[in-house]
Every structure is written in C-alpha cells, then in structure tokens.
Amino acid sequence: MSSWQVQGGAACPHAADAPPSSGPADACPDCLRIGGQWVHLRRCLTCDHVGCCDSSPHRHATAHATATGHPVLASAEPGEHWAWCHPDQALLLPAR
C-alpha cells in the first residue's frame with residue numbers, strides 16, 4: 001500500500017513508489033554552503049536530500065529534482081504532511 005494518495009484526482013504513478021517522509025529538517029545545506037537563506041524546507045523522497053522551497057531565493061529543492069530526476073519532494077517543515085510530484089504537478093497527501 002502506498003504512503004501517499006493523489007489529491008484532486010490527478011494521475012501520478014510516482015505516488016505509489018514514494019516512501020513516507022523521514023520528517024522535519026533544520027536547514028538547507030546548500031544555502032548554508034553559500035551563506036543563503038531559506039523560507040521553507042523540502043525533502044527528496046528518493047534520496048533524502050533537503051533543499052529550500054520555491055519561495056526561497058535559490059530554490060534548491062526544485063533544482064535538485066530537476067538535476068536528478070527525483071520526482072517527489074515532501075515538506076520538511078514541522079507539522080506539515082504533504083508532498084509534491086514535480087513531473088505530474090500533483091499534490092500528494094498521506095494515505096489513510
């Protein structure tokens with residue numbers, strides 16, 4: 001059984017393979033390396049890489065997904081339980 005369900009009837013074959021998120025993160029390592037700042041954090045569900053969101057100046061999470069082809073990023077913010085599939089532009093919520 002998948003850890004994620006697709007919201008709003010969108011099709012997303014990646015949801016079935018995406019594991020649950022390993023939880024919140026404290027920092028964007030890519031921003032720390034360059035002295036940048038982040039707004040929110042996202043975690044790659046393929047390799048566990050943490051990057052900053054698209055509201056952040058450097059958009060490291062999306063850059064990671066684009067560079068690697070890893071499709072699903074989950075929120076790495078405390079109390080948030082959702083993921084986003086980049087290729088399918090689909091919101092994923094925890095399966096019930």
Side-chain angles (χ1 to χ4, degrees):
M1 177 172 194
S2 174
S3 299
W4 301 97
Q5 62 185 20
V6 183
Q7 177 72 13
C12 175
H14 307 102
D17 297 329
S21 176
S22 58
D26 295 326
C28 174
D30 297 323
C31 283
L32 290 176
R33 203 169 13 264
I34 63 169
Q37 296 182 2
W38 59 89
V39 177
H40 298 287
L41 300 172
R42 307 292 180 243
R43 183 181 300 280
C44 176
L45 294 185
T46 300
C47 70
D48 216 35
H49 177 270
V50 173
C52 54
C53 71
D54 285 355
S55 296
S56 301
H58 298 286
R59 303 173 61 170
H60 286 122
T62 294
H64 170 79
T66 301
T68 63
H70 295 167
V72 181
L73 300 172
S75 175
E77 293 294 316
E80 292 187 5
H81 306 287
W82 59 269
W84 180 256
C85 179
H86 276 275
D88 297 314
Q89 298 289 289
L91 177 64
L92 309 178
L93 299 176
R96 297 177 193 214

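Just so you know, residue 1 is the first one in the sequence shown, and it goes up from there. Heavy atoms only: backbone and side chains are in, while hydrogens, waters and symmetry mates are out.
- Contact of the W84 side chain with the L92 side chain is not registered, since no non-hydrogen atoms from C-beta on lie closer than 4.5 Å.
- The NE2 atom of H58 lies 12.0 Å from the CZ atom of R33; values are rounded to the nearest 0.5 Å.
- Grouped with I34 in a hydrophobic cluster is no other residue, since no side-chain heavy-atom contact under 4.5 Å to another Ile, Leu, Val, Met, Phe, Trp or Tyr is found.
- Residues that satisfy the side-chain hydrogen bond (donor to acceptor under 3.5 Å, both in side chains) test with T62, not counting sequence neighbours, are D54.
- Residues H14 and D88 bring a donor and an acceptor atom of their side chains to less than 3.5 Å of each other.
- The side-chain hydrogen bond (donor to acceptor under 3.5 Å, both in side chains) search around E80 returns S75, W82, not counting sequence neighbours.
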Please set out all donor-acceptor pairs under 3.5 angstrom arising from side-chain atoms of residues 16-26, sequence neighbours excluded.
from : atom 1 : to  : atom 2 : distance (Å)
S21  : OG     : G23 : N      : 3.2
S22  : OG     : R43 : NE     : 3.3
S22  : OG     : D48 : OD1    : 2.9

*Criterion side-chain contact (heavy atoms from CB on, under 4.5 Å) on D30 and C52, from CA distance to verdict*: CA-CA 8 Å; D30 297 323; C52 54; over 6 Å; no

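- Legend: ring pair (Phe, Tyr, Trp, His ring centres under 6.0 Å) pairs involving residues 19-57, not counting sequence neighbours, sorted by first then second residue: H49-H64.
- Checked by atom type and distance alone, the side chain of Q7 never pairs as donor or acceptor with a backbone atom of A90 at under 3.5 Å.
- Here the side chains of L41 and E77 are in contact, with some heavy-atom distance below 4.5 Å.
- In this structure, V39 stands alone, with no Ile, Leu, Val, Met, Phe, Trp or Tyr side-chain heavy atom under 4.5 Å from its own, directly or through other members.
- Counting heavy atoms from C-beta outward, W4 and L45 have side chains that approach closer than 4.5 Å.
- Across all non-hydrogen atoms, the minimal contact from P57 to Q37 is CD-O, 3.5 Å.
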